[in-house]
Participant: 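I am attaching a structure below and will ask some questions about it afterwards.
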Amino acid sequence: MNYFVTTSIPYVNGEPHIGHALEFIQADVLARYARQQGKPVLFSIGTDEHGGKIEEKATELGITPLDLASQMSGKFKLIAEQLNISNDRFIRTTDKGHEQRAALIWEALKKDIYKSSYEGLYCTGCEAFVTEATAKENNNVCPNHNKPYEKIKEENYFFKLSSYGAKIQKAIEDGSFKIVPASRKHEILNVIKDGLEDISISRPKEKIGWGIPVPEDKKQVMYVWFEALMNYITVLGYPEHEDFKKYWPANVQVIGKDILRFHAAIWPGMLLALELPLPKILYVHGFVAGEGGVKMSKSLGNVVAPQEILDQYTADVVRYYFLRHIPSYGDGDFSWQKLRDTYNSELANELGNVVQRTAVMIEKYQEGVIGVIPPAEHDVAEYERALEECRFDKALEEVWHQVRGLNKYIEDEKPWTIAKDGDSDHLREVLAYQVSAILQIADMLLPFIPETAEKIASIFKEGLIQPIEGTLFPRMDADSNTS
RNA sequence: GGCAGGAUAGCUCAGUUGGUUAGAGCGCAGGACUCAUAAGCCUGAGGUCCCGAGUUCAAAUCUCGGUCCUGCUACCA
(Lines give C-alpha, C1' and ligand atoms only; values in the text may rest on other atoms or scores of the structure.)
Protein backbone atom coordinates (compact mmCIF):
# COMPACT_ATOMS: atom_id res chain seq x y z
CA MET A 1 0.00 0.00 0.00
CA ASN A 2 2.70 2.50 1.00
CA TYR A 3 4.61 3.77 -1.95
CA PHE A 4 8.24 4.88 -2.02
CA VAL A 5 9.84 6.19 -5.19
CA THR A 6 13.30 7.63 -5.71
CA THR A 7 15.41 9.16 -8.42
CA SER A 8 19.15 8.73 -8.49
CA ILE A 9 20.94 11.62 -6.85
CA PRO A 10 22.90 13.68 -9.38
CA TYR A 11 26.55 14.34 -8.69
CA VAL A 12 27.00 18.07 -8.20
CA ASN A 13 30.02 18.15 -10.44
CA GLY A 14 28.03 19.56 -13.36
CA GLU A 15 25.03 21.69 -14.16
CA PRO A 16 21.58 20.13 -14.29
CA HIS A 17 21.02 18.73 -17.77
CA ILE A 18 18.10 17.45 -19.70
CA GLY A 19 18.57 13.89 -18.49
CA HIS A 20 18.13 14.96 -14.89
CA ALA A 21 14.94 16.75 -15.87
CA LEU A 22 13.65 13.61 -17.57
CA GLU A 23 14.33 11.49 -14.53
CA PHE A 24 12.70 13.91 -12.12
CA ILE A 25 9.63 14.12 -14.31
CA GLN A 26 9.24 10.37 -14.76
CA ALA A 27 9.56 9.67 -11.07
CA ASP A 28 7.14 12.47 -10.35
CA VAL A 29 4.49 10.84 -12.51
CA LEU A 30 4.80 7.65 -10.48
CA ALA A 31 4.53 9.56 -7.22
CA ARG A 32 1.53 11.58 -8.31
CA TYR A 33 -0.20 8.54 -9.74
CA ALA A 34 0.24 6.65 -6.49
CA ARG A 35 -1.09 9.61 -4.49
CA GLN A 36 -4.05 9.84 -6.82
CA GLN A 37 -4.84 6.25 -5.94
CA GLY A 38 -4.87 7.20 -2.30
CA LYS A 39 -1.61 5.55 -1.32
CA PRO A 40 0.64 7.08 1.32
CA VAL A 41 3.58 8.21 -0.80
CA LEU A 42 7.12 9.20 -0.12
CA PHE A 43 9.09 10.56 -3.05
CA SER A 44 12.71 11.50 -2.61
CA ILE A 45 15.29 13.16 -4.80
CA GLY A 46 18.59 14.77 -3.85
CA THR A 47 22.22 15.40 -4.64
CA ASP A 48 25.46 13.47 -4.29
CA GLU A 49 28.13 15.83 -3.00
CA HIS A 50 31.33 14.18 -1.81
CA GLY A 51 34.45 13.05 -3.62
CA GLY A 52 37.68 14.23 -5.09
CA LYS A 53 36.19 15.96 -8.08
CA ILE A 54 34.21 18.33 -5.92
CA GLU A 55 37.21 18.92 -3.74
CA GLU A 56 39.40 19.79 -6.71
CA LYS A 57 36.89 22.06 -8.30
CA ALA A 58 36.26 23.90 -5.05
CA THR A 59 39.98 24.42 -4.63
CA GLU A 60 40.17 25.85 -8.13
CA LEU A 61 37.35 28.25 -7.33
CA GLY A 62 38.83 29.12 -3.97
CA ILE A 63 35.80 28.05 -2.00
CA THR A 64 35.11 25.17 0.35
CA PRO A 65 33.78 21.91 -1.04
CA LEU A 66 30.62 22.36 0.97
CA ASP A 67 30.03 25.82 -0.44
CA LEU A 68 30.42 24.50 -3.95
CA ALA A 69 28.15 21.56 -3.24
CA SER A 70 25.52 23.79 -1.69
CA GLN A 71 25.58 26.11 -4.63
CA MET A 72 25.18 23.28 -7.13
CA SER A 73 22.65 21.42 -5.06
CA GLY A 74 20.55 24.57 -5.06
CA LYS A 75 20.47 24.51 -8.84
CA PHE A 76 19.05 21.00 -8.92
CA LYS A 77 16.53 21.94 -6.29
CA LEU A 78 15.48 24.93 -8.34
CA ILE A 79 15.04 22.92 -11.53
CA ALA A 80 12.93 20.41 -9.64
CA GLU A 81 10.72 23.20 -8.34
CA GLN A 82 10.38 24.73 -11.76
CA LEU A 83 9.37 21.37 -13.19
CA ASN A 84 6.73 21.11 -10.51
CA ILE A 85 8.27 17.99 -9.02
CA SER A 86 6.33 16.84 -5.97
CA ASN A 87 9.18 15.33 -4.02
CA ASP A 88 8.62 15.02 -0.29
CA ARG A 89 12.31 14.97 0.53
CA PHE A 90 15.47 16.36 -0.98
CA ILE A 91 18.43 14.59 0.51
CA ARG A 92 21.98 15.87 0.34
CA THR A 93 24.79 13.46 1.10
CA THR A 94 26.32 16.24 3.17
CA ASP A 95 23.28 16.29 5.45
CA LYS A 96 24.30 15.41 8.98
CA GLY A 97 21.63 12.74 9.09
CA HIS A 98 23.00 11.04 6.00
CA GLU A 99 26.57 11.18 7.28
CA GLN A 100 25.67 9.70 10.62
CA ARG A 101 23.48 7.00 9.19
CA ALA A 102 26.09 6.14 6.58
CA ALA A 103 28.43 5.37 9.44
CA LEU A 104 25.79 3.13 10.99
CA ILE A 105 25.39 1.31 7.71
CA TRP A 106 29.12 0.80 7.48
CA GLU A 107 29.10 -0.75 10.94
CA ALA A 108 26.19 -2.96 10.00
CA LEU A 109 28.09 -4.16 6.93
CA LYS A 110 31.22 -4.92 8.84
CA LYS A 111 31.10 -8.67 8.51
CA ASP A 112 31.40 -8.17 4.75
CA ILE A 113 34.11 -5.53 4.86
CA TYR A 114 37.82 -6.26 4.91
CA LYS A 115 40.99 -4.29 4.44
CA SER A 116 43.40 -5.03 1.67
CA SER A 117 46.03 -3.29 -0.31
CA TYR A 118 45.53 -2.66 -3.92
CA GLU A 119 48.05 -1.77 -6.54
CA GLY A 120 47.11 -0.52 -9.93
CA LEU A 121 46.69 2.27 -12.41
CA TYR A 122 44.42 5.00 -11.22
CA CYS A 123 42.78 8.05 -12.76
CA THR A 124 42.15 10.83 -10.29
CA GLY A 125 39.52 12.25 -12.61
CA CYS A 126 37.48 9.06 -12.67
CA GLU A 127 38.43 8.20 -9.11
CA ALA A 128 38.78 4.69 -10.33
CA PHE A 129 41.32 2.05 -11.09
CA VAL A 130 41.63 0.73 -14.61
CA THR A 131 42.97 -2.55 -15.85
CA GLU A 132 46.38 -2.62 -17.44
CA ALA A 133 44.79 -3.53 -20.72
CA THR A 134 42.60 -0.47 -20.71
CA ALA A 135 45.53 1.72 -19.81
CA LYS A 136 47.57 0.38 -22.69
CA GLU A 137 44.73 0.85 -25.09
CA ASN A 138 44.58 4.49 -24.08
CA ASN A 139 48.34 4.95 -24.13
CA ASN A 140 48.34 5.45 -20.40
CA VAL A 141 46.21 8.57 -20.58
CA CYS A 142 42.64 8.65 -19.40
CA PRO A 143 40.52 9.65 -22.40
CA ASN A 144 37.85 11.20 -20.21
CA HIS A 145 40.13 13.48 -18.29
CA ASN A 146 43.18 13.72 -20.49
CA LYS A 147 45.39 12.87 -17.56
CA PRO A 148 48.02 10.17 -17.35
CA TYR A 149 47.16 7.20 -15.14
CA GLU A 150 49.10 7.02 -11.94
CA LYS A 151 50.48 3.81 -10.57
CA ILE A 152 49.49 3.72 -6.97
CA LYS A 153 49.32 1.32 -4.12
CA GLU A 154 46.67 1.92 -1.55
CA GLU A 155 45.17 0.40 1.49
CA ASN A 156 41.44 0.19 0.87
CA TYR A 157 38.48 -1.37 2.50
CA PHE A 158 36.65 -3.82 0.32
CA PHE A 159 33.09 -5.02 0.31
CA LYS A 160 32.45 -8.69 -0.34
CA LEU A 161 30.13 -8.19 -3.25
CA SER A 162 31.26 -11.54 -4.60
CA SER A 163 29.28 -13.31 -1.89
CA TYR A 164 26.00 -11.92 -3.14
CA GLY A 165 26.09 -12.43 -6.89
CA ALA A 166 24.06 -15.61 -6.86
CA LYS A 167 21.35 -14.15 -4.65
CA ILE A 168 21.10 -11.00 -6.73
CA GLN A 169 20.86 -13.04 -9.88
CA LYS A 170 18.07 -15.11 -8.42
CA ALA A 171 16.11 -12.05 -7.30
CA ILE A 172 16.38 -10.54 -10.76
CA GLU A 173 15.47 -13.76 -12.50
CA ASP A 174 12.47 -14.56 -10.35
CA GLY A 175 11.21 -11.01 -10.66
CA SER A 176 11.21 -10.14 -6.97
CA PHE A 177 13.71 -7.47 -7.99
CA LYS A 178 12.26 -6.43 -11.32
CA ILE A 179 14.36 -4.53 -13.81
CA VAL A 180 12.57 -2.74 -16.62
CA PRO A 181 12.88 -2.64 -19.53
CA ALA A 182 13.75 -6.29 -20.01
CA SER A 183 16.72 -5.42 -22.20
CA ARG A 184 18.41 -3.85 -19.16
CA LYS A 185 17.62 -6.92 -17.12
CA HIS A 186 19.38 -9.12 -19.65
CA GLU A 187 22.26 -6.75 -19.80
CA ILE A 188 22.93 -6.84 -16.08
CA LEU A 189 22.32 -10.57 -15.78
CA ASN A 190 25.03 -11.03 -18.32
CA VAL A 191 27.42 -9.17 -16.07
CA ILE A 192 26.37 -10.91 -12.88
CA LYS A 193 26.54 -14.38 -14.38
CA ASP A 194 30.26 -13.98 -14.93
CA GLY A 195 30.65 -13.38 -11.23
CA LEU A 196 30.89 -10.16 -9.27
CA GLU A 197 34.16 -9.03 -7.81
CA ASP A 198 34.64 -7.46 -4.42
CA ILE A 199 34.71 -3.71 -4.69
CA SER A 200 36.88 -1.07 -3.12
CA ILE A 201 34.76 1.14 -0.91
CA SER A 202 37.17 3.60 0.67
CA ARG A 203 39.93 6.01 -0.20
CA PRO A 204 42.85 7.23 1.85
CA LYS A 205 41.93 10.50 3.47
CA GLU A 206 45.24 12.06 2.52
CA LYS A 207 44.29 11.62 -1.10
CA ILE A 208 40.64 12.53 -0.91
CA GLY A 209 39.62 14.50 2.12
CA TRP A 210 36.08 15.33 1.07
CA GLY A 211 34.07 12.36 2.20
CA ILE A 212 32.45 10.61 5.09
CA PRO A 213 35.05 9.19 7.51
CA VAL A 214 35.24 5.45 7.84
CA PRO A 215 34.22 4.61 11.40
CA GLU A 216 37.20 3.76 13.58
CA ASP A 217 39.75 4.57 10.90
CA LYS A 218 40.65 8.21 10.63
CA LYS A 219 42.88 7.57 7.65
CA GLN A 220 40.10 6.51 5.31
CA VAL A 221 36.95 8.02 3.89
CA MET A 222 34.12 6.13 2.23
CA TYR A 223 34.22 5.91 -1.53
CA VAL A 224 31.69 8.37 -2.80
CA TRP A 225 29.68 5.89 -4.85
CA PHE A 226 29.33 3.46 -2.01
CA GLU A 227 28.13 6.11 0.36
CA ALA A 228 25.84 7.81 -2.16
CA LEU A 229 23.83 4.64 -2.72
CA MET A 230 23.00 4.61 0.96
CA ASN A 231 20.90 7.74 0.48
CA TYR A 232 17.93 5.61 -0.49
CA ILE A 233 17.62 4.35 3.04
CA THR A 234 19.24 7.14 5.04
CA VAL A 235 16.56 9.43 3.62
CA LEU A 236 14.02 7.25 5.38
CA GLY A 237 15.93 7.36 8.64
CA TYR A 238 17.52 3.92 8.55
CA PRO A 239 17.63 2.05 10.82
CA GLU A 240 15.30 3.21 13.55
CA HIS A 241 12.89 5.71 12.06
CA GLU A 242 9.23 4.96 11.52
CA ASP A 243 9.44 6.02 7.85
CA PHE A 244 12.01 3.39 7.18
CA LYS A 245 9.75 0.65 8.47
CA LYS A 246 6.86 2.13 6.59
CA TYR A 247 8.42 2.77 3.19
CA TRP A 248 11.27 0.34 2.58
CA PRO A 249 11.55 -1.47 0.18
CA ALA A 250 11.13 1.15 -2.51
CA ASN A 251 8.41 0.47 -5.04
CA VAL A 252 10.32 2.03 -7.89
CA GLN A 253 13.81 3.39 -8.17
CA VAL A 254 14.31 5.48 -11.29
CA ILE A 255 17.81 5.64 -12.79
CA GLY A 256 19.61 6.25 -16.08
CA LYS A 257 21.18 3.48 -18.09
CA ASP A 258 24.71 4.64 -17.31
CA ILE A 259 24.43 3.70 -13.65
CA LEU A 260 22.74 0.35 -14.03
CA ARG A 261 25.62 -1.60 -12.53
CA PHE A 262 25.65 0.39 -9.36
CA HIS A 263 21.95 -0.03 -8.83
CA ALA A 264 21.46 -3.56 -10.09
CA ALA A 265 24.55 -5.16 -8.62
CA ILE A 266 26.30 -3.15 -5.91
CA TRP A 267 23.24 -1.65 -4.27
CA PRO A 268 21.34 -4.94 -4.00
CA GLY A 269 24.52 -6.50 -2.68
CA MET A 270 24.62 -3.92 0.09
CA LEU A 271 20.97 -4.45 0.88
CA LEU A 272 21.36 -8.21 1.07
CA ALA A 273 24.33 -7.77 3.38
CA LEU A 274 22.13 -5.58 5.57
CA GLU A 275 19.46 -8.26 5.38
CA LEU A 276 17.03 -5.82 3.85
CA PRO A 277 14.58 -6.49 1.03
CA LEU A 278 15.47 -5.29 -2.47
CA PRO A 279 13.49 -2.60 -4.26
CA LYS A 280 10.54 -3.99 -6.17
CA ILE A 281 11.26 -2.28 -9.45
CA LEU A 282 14.33 -0.67 -10.93
CA TYR A 283 13.23 1.43 -13.88
CA VAL A 284 16.01 2.40 -16.27
CA HIS A 285 15.51 5.27 -18.68
CA GLY A 286 17.68 6.15 -21.66
CA PHE A 287 19.49 9.25 -22.80
CA VAL A 288 18.22 12.39 -24.44
CA ALA A 289 20.17 13.52 -27.46
CA GLY A 290 19.96 16.77 -29.37
CA GLU A 291 18.53 17.50 -32.75
CA GLY A 292 18.74 14.61 -35.21
CA GLY A 293 19.75 12.23 -32.44
CA VAL A 294 23.20 13.79 -32.15
CA LYS A 295 24.62 13.54 -28.69
CA MET A 296 24.63 16.86 -26.89
CA SER A 297 28.11 18.13 -26.28
CA LYS A 298 29.75 21.41 -25.50
CA SER A 299 32.11 21.14 -28.42
CA LEU A 300 29.22 20.75 -30.84
CA GLY A 301 27.42 23.58 -29.12
CA ASN A 302 24.11 21.75 -29.20
CA VAL A 303 23.55 21.49 -25.48
CA VAL A 304 20.13 22.58 -24.34
CA ALA A 305 19.77 23.15 -20.61
CA PRO A 306 16.44 22.48 -18.94
CA GLN A 307 16.45 26.07 -17.77
CA GLU A 308 16.42 27.35 -21.35
CA ILE A 309 13.34 25.33 -22.16
CA LEU A 310 11.63 26.43 -18.98
CA ASP A 311 12.31 30.05 -19.91
CA GLN A 312 10.02 29.61 -22.89
CA TYR A 313 7.54 26.95 -21.93
CA THR A 314 5.58 26.08 -18.82
CA ALA A 315 6.47 23.10 -16.70
CA ASP A 316 3.53 21.13 -18.07
CA VAL A 317 4.67 21.58 -21.65
CA VAL A 318 8.17 20.40 -20.81
CA ARG A 319 6.80 17.49 -18.82
CA TYR A 320 4.49 16.52 -21.64
CA TYR A 321 7.21 16.55 -24.25
CA PHE A 322 9.59 14.44 -22.20
CA LEU A 323 6.99 11.93 -21.14
CA ARG A 324 5.31 11.46 -24.49
CA HIS A 325 8.13 11.94 -26.97
CA ILE A 326 11.16 10.52 -25.23
CA PRO A 327 10.58 6.76 -25.48
CA SER A 328 10.21 5.43 -21.95
CA TYR A 329 12.23 2.32 -22.76
CA GLY A 330 14.86 3.86 -25.02
CA ASP A 331 16.78 6.91 -26.06
CA GLY A 332 15.15 9.97 -27.50
CA ASP A 333 15.99 13.41 -28.71
CA PHE A 334 15.05 16.97 -28.12
CA SER A 335 14.68 19.71 -30.70
CA TRP A 336 13.01 23.07 -30.51
CA GLN A 337 11.16 22.31 -33.72
CA LYS A 338 9.76 19.08 -32.36
CA LEU A 339 8.80 20.72 -29.11
CA ARG A 340 6.90 23.47 -30.88
CA ASP A 341 5.17 21.07 -33.25
CA THR A 342 4.10 18.96 -30.31
CA TYR A 343 2.91 21.98 -28.45
CA ASN A 344 0.82 23.28 -31.31
CA SER A 345 -0.68 20.10 -32.61
CA GLU A 346 -1.20 18.07 -29.46
CA LEU A 347 -1.55 20.54 -26.64
CA ALA A 348 -3.05 23.59 -28.35
CA ASN A 349 -5.05 22.13 -31.25
CA GLU A 350 -6.25 18.88 -29.81
CA LEU A 351 -6.40 19.14 -26.03
CA GLY A 352 -6.68 22.89 -25.48
CA ASN A 353 -9.17 23.35 -28.25
CA VAL A 354 -11.48 20.55 -27.26
CA VAL A 355 -11.77 22.06 -23.80
CA GLN A 356 -12.32 25.50 -25.24
CA ARG A 357 -14.95 24.57 -27.78
CA THR A 358 -16.88 22.58 -25.21
CA ALA A 359 -16.81 25.36 -22.64
CA VAL A 360 -17.80 27.97 -25.20
CA MET A 361 -20.73 25.92 -26.50
CA ILE A 362 -22.09 25.44 -23.01
CA GLU A 363 -21.81 29.15 -22.35
CA LYS A 364 -23.29 30.11 -25.67
CA TYR A 365 -26.17 27.63 -25.79
CA GLN A 366 -26.93 27.02 -22.10
CA GLU A 367 -25.75 30.12 -20.25
CA GLY A 368 -22.90 28.07 -18.85
CA VAL A 369 -25.12 25.49 -17.15
CA ILE A 370 -23.71 22.01 -17.58
CA GLY A 371 -26.42 19.90 -16.04
CA VAL A 372 -26.01 16.29 -15.01
CA ILE A 373 -22.62 14.94 -15.98
CA PRO A 374 -22.72 11.21 -16.72
CA PRO A 375 -20.05 9.02 -15.12
CA ALA A 376 -16.77 8.37 -16.92
CA GLU A 377 -17.16 5.50 -19.29
CA HIS A 378 -13.92 4.90 -21.14
CA ASP A 379 -11.79 1.89 -20.47
CA VAL A 380 -8.56 2.83 -18.74
CA ALA A 381 -7.04 -0.65 -18.47
CA GLU A 382 -4.37 0.01 -21.10
CA TYR A 383 -3.49 3.32 -19.51
CA GLU A 384 -3.10 1.70 -16.11
CA ARG A 385 -1.05 -1.15 -17.42
CA ALA A 386 1.24 1.27 -19.21
CA LEU A 387 1.82 3.17 -15.99
CA GLU A 388 2.54 0.03 -14.04
CA GLU A 389 5.22 -0.78 -16.59
CA CYS A 390 6.62 2.76 -16.51
CA ARG A 391 5.55 3.23 -20.13
CA PHE A 392 4.78 6.91 -19.82
CA ASP A 393 4.79 7.41 -23.57
CA LYS A 394 2.23 4.69 -24.07
CA ALA A 395 0.02 5.92 -21.26
CA LEU A 396 -0.18 9.35 -22.85
CA GLU A 397 -0.93 7.81 -26.22
CA GLU A 398 -3.91 6.16 -24.60
CA VAL A 399 -5.08 9.50 -23.26
CA TRP A 400 -4.70 11.11 -26.65
CA HIS A 401 -6.71 8.34 -28.19
CA GLN A 402 -9.54 9.62 -26.06
CA VAL A 403 -8.86 13.26 -26.88
CA ARG A 404 -9.09 12.45 -30.57
CA GLY A 405 -12.15 10.34 -30.00
CA LEU A 406 -13.85 13.25 -28.32
CA ASN A 407 -13.08 15.65 -31.15
CA LYS A 408 -14.53 13.11 -33.53
CA TYR A 409 -17.61 12.68 -31.35
CA ILE A 410 -18.23 16.42 -31.49
CA GLU A 411 -17.96 16.44 -35.28
CA ASP A 412 -20.37 13.52 -35.50
CA GLU A 413 -22.97 14.98 -33.13
CA LYS A 414 -22.64 18.56 -34.39
CA PRO A 415 -24.00 20.31 -31.26
CA TRP A 416 -24.23 23.59 -33.21
CA THR A 417 -26.77 21.98 -35.51
CA ILE A 418 -28.73 20.57 -32.60
CA ALA A 419 -28.78 24.06 -31.10
CA LYS A 420 -30.19 25.50 -34.31
CA ASP A 421 -32.87 22.81 -34.38
CA GLY A 422 -33.82 23.80 -30.85
CA ASP A 423 -33.63 20.30 -29.38
CA SER A 424 -32.37 21.49 -26.00
CA ASP A 425 -32.69 18.14 -24.20
CA HIS A 426 -30.56 16.37 -26.71
CA LEU A 427 -28.10 19.24 -26.76
CA ARG A 428 -27.70 19.15 -23.00
CA GLU A 429 -27.08 15.44 -23.17
CA VAL A 430 -24.40 15.75 -25.82
CA LEU A 431 -22.60 18.59 -24.09
CA ALA A 432 -22.73 16.85 -20.71
CA TYR A 433 -21.20 13.81 -22.32
CA GLN A 434 -18.40 15.96 -23.67
CA VAL A 435 -17.77 17.28 -20.18
CA SER A 436 -17.73 13.79 -18.78
CA ALA A 437 -15.13 12.72 -21.31
CA ILE A 438 -13.03 15.81 -20.62
CA LEU A 439 -13.11 15.24 -16.88
CA GLN A 440 -11.96 11.68 -17.36
CA ILE A 441 -9.13 12.91 -19.56
CA ALA A 442 -8.17 15.48 -16.94
CA ASP A 443 -8.09 12.74 -14.37
CA MET A 444 -5.73 10.66 -16.46
CA LEU A 445 -3.55 13.68 -17.10
CA LEU A 446 -3.20 14.61 -13.46
CA PRO A 447 0.05 12.70 -12.82
CA PHE A 448 1.56 13.94 -16.08
CA ILE A 449 0.60 17.59 -16.41
CA PRO A 450 -0.92 18.43 -13.05
CA GLU A 451 -1.43 22.17 -13.50
CA THR A 452 -3.30 21.71 -16.75
CA ALA A 453 -5.35 18.83 -15.40
CA GLU A 454 -6.44 20.86 -12.41
CA LYS A 455 -7.26 23.85 -14.55
CA ILE A 456 -9.41 21.76 -16.85
CA ALA A 457 -11.25 20.18 -13.96
CA SER A 458 -11.83 23.58 -12.38
CA ILE A 459 -13.62 24.82 -15.49
CA PHE A 460 -16.30 22.13 -15.39
CA LYS A 461 -16.52 20.97 -11.80
CA GLU A 462 -19.06 23.43 -10.42
CA GLY A 463 -21.98 22.54 -12.65
CA LEU A 464 -21.52 25.95 -14.18
CA ILE A 465 -18.67 26.85 -16.53
CA GLN A 466 -15.92 28.66 -14.61
CA PRO A 467 -14.02 30.49 -17.31
CA ILE A 468 -10.24 30.65 -17.00
CA GLU A 469 -8.09 33.52 -18.06
CA GLY A 470 -6.86 33.17 -21.60
CA THR A 471 -6.54 29.72 -23.11
CA LEU A 472 -4.77 26.63 -21.86
CA PHE A 473 -2.17 26.52 -24.61
CA PRO A 474 -2.16 29.53 -26.92
CA ARG A 475 -0.77 28.60 -30.31
CA MET A 476 2.77 29.64 -31.02
CA ASP A 477 3.90 31.21 -34.26
CA ALA A 478 6.69 29.66 -36.21
CA ASP A 479 9.07 32.51 -35.44
CA SER A 480 8.23 33.06 -31.81
CA ASN A 481 11.12 31.04 -30.54
CA THR A 482 14.49 30.31 -31.93
CA SER A 483 17.58 29.76 -29.79
C1' G B 1 35.88 -11.90 -30.14
C1' G B 2 31.30 -13.15 -27.16
C1' C B 3 26.21 -11.95 -25.84
C1' A B 4 21.86 -9.10 -26.75
C1' G B 5 18.76 -5.87 -29.59
C1' G B 6 17.61 -3.45 -34.13
C1' A B 7 16.88 -2.31 -39.86
C1' U B 8 8.95 -1.34 -41.98
C1' A B 9 5.99 5.55 -45.41
C1' G B 10 9.82 11.94 -45.92
C1' C B 11 10.29 11.70 -39.97
C1' U B 12 9.17 8.84 -35.17
C1' C B 13 7.52 4.16 -34.66
C1' A B 14 3.36 -0.24 -34.06
C1' G B 15 2.77 -4.87 -36.37
C1' U B 16 0.24 -10.30 -31.06
C1' U B 17 0.75 -17.68 -32.03
C1' G B 18 2.94 -17.18 -40.20
C1' G B 19 -3.20 -15.82 -42.98
C1' U B 20 -7.00 -11.25 -47.55
C1' U B 21 -5.45 -4.97 -49.87
C1' A B 22 1.25 -3.95 -44.27
C1' G B 23 -0.85 0.24 -40.04
C1' A B 24 -0.71 4.90 -36.52
C1' G B 25 0.97 9.82 -35.34
C1' C B 26 3.56 13.96 -37.46
C1' G B 27 4.48 16.31 -42.17
C1' C B 28 2.34 16.94 -47.27
C1' A B 29 -2.12 17.53 -50.92
C1' G B 30 -7.39 18.03 -51.61
C1' G B 31 -12.57 18.45 -49.62
C1' A B 32 -16.99 19.48 -46.74
C1' C B 33 -18.22 22.22 -42.33
C1' U B 34 -18.42 26.52 -38.60
C1' C B 35 -19.01 25.35 -31.78
C1' A B 36 -13.65 26.45 -31.25
C1' U B 37 -7.04 28.66 -30.42
C1' A B 38 -7.46 29.49 -39.21
C1' A B 39 -8.26 24.70 -34.38
C1' G B 40 -11.28 20.15 -35.39
C1' C B 41 -13.44 16.48 -39.05
C1' C B 42 -13.28 13.66 -43.87
C1' U B 43 -10.46 11.91 -48.15
C1' G B 44 -5.92 11.07 -50.57
C1' A B 45 -0.75 10.52 -52.17
C1' G B 46 3.50 8.03 -50.30
C1' G B 47 6.40 1.33 -48.76
C1' U B 48 11.39 -3.78 -53.12
C1' C B 49 8.88 -4.45 -44.87
C1' C B 50 18.00 -4.08 -45.40
C1' C B 51 19.95 -8.03 -49.25
C1' G B 52 20.03 -13.32 -50.84
C1' A B 53 18.48 -18.27 -50.38
C1' G B 54 15.26 -21.84 -47.93
C1' U B 55 10.69 -24.02 -45.37
C1' U B 56 5.32 -23.42 -46.50
C1' C B 57 -0.81 -23.51 -49.92
C1' A B 58 0.82 -18.74 -47.63
C1' A B 59 6.64 -15.01 -44.89
C1' A B 60 7.41 -8.11 -42.52
C1' U B 61 6.72 -12.51 -39.24
C1' C B 62 10.05 -18.95 -39.18
C1' U B 63 15.36 -21.08 -40.73
C1' C B 64 20.27 -20.25 -42.80
C1' G B 65 23.85 -16.89 -44.93
C1' G B 66 25.31 -11.75 -45.71
C1' U B 67 25.45 -6.18 -44.99
C1' C B 68 24.84 -2.10 -41.75
C1' C B 69 23.62 0.11 -36.88
C1' U B 70 23.19 0.20 -31.32
C1' G B 71 24.12 -1.51 -26.40
C1' C B 72 26.74 -4.56 -22.87
C1' U B 73 31.09 -7.39 -22.19
C1' A B 74 35.90 -9.72 -22.95
C1' C B 75 40.57 -10.01 -24.97
C1' C B 76 45.16 -10.16 -28.03
C1' A B 77 50.23 -8.37 -29.06
Side-chain angles (χ1 to χ4, degrees), chain A residues 130-137 179 181-197 256-261 264-265 284-289 291-295 321 324-335 337-366 368 382 386 391 393-394 396-401 403-421 427 430-431 434-435 438 459 465 467-478 480:
Chain A
V130 296
T131 62
E132 297 225 357
T134 310
K136 256 185 187 169
E137 208 168 90
I179 298 175
S183 53
R184 299 292 165 206
K185 167 181 160 179
H186 296 144
E187 190 179 309
I188 196 67
L189 278 175
N190 200 29
V191 173
I192 297 174
K193 263 183 237 161
D194 294 340
L196 294 172
E197 287 180 12
K257 64 179 183 179
D258 53 328
I259 51 176
L260 177 64
R261 288 179 80 129
V284 188
H285 67 250
F287 288 161
V288 184
E291 193 140 2
V294 181
K295 190 182 172 188
Y321 181 88
R324 174 97 191 261
H325 295 291
I326 303 297
S328 307
Y329 281 5
D331 297 338
D333 53 57
F334 173 86
S335 80
Q337 175 72 44
K338 247 177 147 175
L339 176 62
R340 197 178 55 230
D341 287 350
T342 294
Y343 176 90
N344 278 334
S345 73
E346 289 161 19
L347 293 176
N349 294 353
E350 294 184 309
L351 177 63
N353 189 233
V354 82
V355 169
Q356 177 91 339
R357 65 200 300 212
T358 299
V360 168
M361 280 191 270
I362 293 170
E363 285 182 319
K364 196 177 259 187
Y365 302 140
Q366 300 178 167
E382 285 293 317
R391 288 293 309 269
D393 50 357
K394 204 174 164 196
L396 280 174
E397 254 166 53
E398 285 301 318
V399 179
W400 249 255
H401 190 66
V403 173
R404 294 198 174 108
L406 180 56
N407 269 319
K408 195 167 288 195
Y409 171 84
I410 296 172
E411 296 299 330
D412 288 347
E413 293 295 331
K414 298 183 179 55
W416 50 92
T417 306
I418 305 175
K420 276 176 200 153
D421 295 346
L427 181 62
V430 169
L431 293 178
Q434 287 177 220
V435 171
I438 286 174
I459 295 172
I465 296 297
I468 53 163
E469 268 188 49
T471 46
L472 289 171
F473 300 105
R475 272 185 68 88
M476 294 199 125
D477 298 331
S480 68

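Below, chain A is the first sequence line, B the second, and so on; all start at residue 1. Just the heavy atoms: all of them, side chains too, but no hydrogens, waters or symmetry mates, feed the values below.
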Participant: Answer yes or no: does a side-chain N or O of A/Lys394 lie under 4.0 Å from OP1 or OP2 of B/rC13?
Facilitator: no
Participant: Any N or O donor-acceptor pair linking the side chain of A/Glu187 to the base of B/rG71 at under 3.5 Å?
Facilitator: no
Participant: Now, which nucleotide makes the Watson-Crick or G-U wobble pair with B/rA4, with each of the two distances under 3.5 Å?
Facilitator: B/rU70
Participant: To the nearest Å, how far apart are A/Ile438 CD1 and B/rC35 C1'?
Facilitator: 12 Å
Participant: Taking the side chain of A/Ser345 as heavy atoms from C-beta outward, which of B/rC35, B/rC26, B/rG71 is closest to it?
Facilitator: B/rC26
Participant: Indicate whether any N or O donor in one side chain lies under 3.5 Å from an N or O acceptor in the other, for A/Gln434 and A/Thr358.
Facilitator: yes
Participant: What one-letter contact string describes nucleotides 1-12 of chain B from 5' to 3', where B marks a base within less than 4.0 Å of any protein heavy atom, S marks contact via sugar-phosphate atoms alone, and - marks no contact?
Facilitator: ------------
Participant: B/rA39, OP1 or OP2 - any side-chain N/O from A/Arg475 closer than 4.0 Å?
Facilitator: yes
Participant: Within the structure shown, what part of the strands sits under 4.0 Å from A/Pro415 by heavy-atom distance: base, sugar-phosphate, or nothing?
Facilitator: nothing
Participant: Run A/Glu187 and A/Lys257 through side-chain contact (heavy atoms from CB on, under 4.5 Å) and show every step you take.
Facilitator: CA-CA 10 Å; A/Glu187 190 179 309; A/Lys257 64 179 183 179; over 6 Å; no
Participant: Tell which nucleotide pairs with B/rG25, taking only Watson-Crick or G-U wobble pairs whose two distances are both under 3.5 angstrom.
Facilitator: B/rC11
Participant: Check the phosphate of B/rU73 against A/Arg261, side-chain N and O only, distance under 4.0 Å to OP1 or OP2. Yes or no?
Facilitator: yes
Participant: Distance between the P atoms of B/rG6 and B/rU17, in whole angstroms?
Facilitator: 13 Å
Participant: Think A/Lys257 has a side-chain N or O under 4.0 angstrom from the OP1 or OP2 of B/rC72?
Facilitator: no
Participant: Taking the side chain of A/Asn349 as its heavy atoms from C-beta onward, which of B/rG25, B/rG71, B/rA39 lies nearest to it?
Facilitator: B/rA39
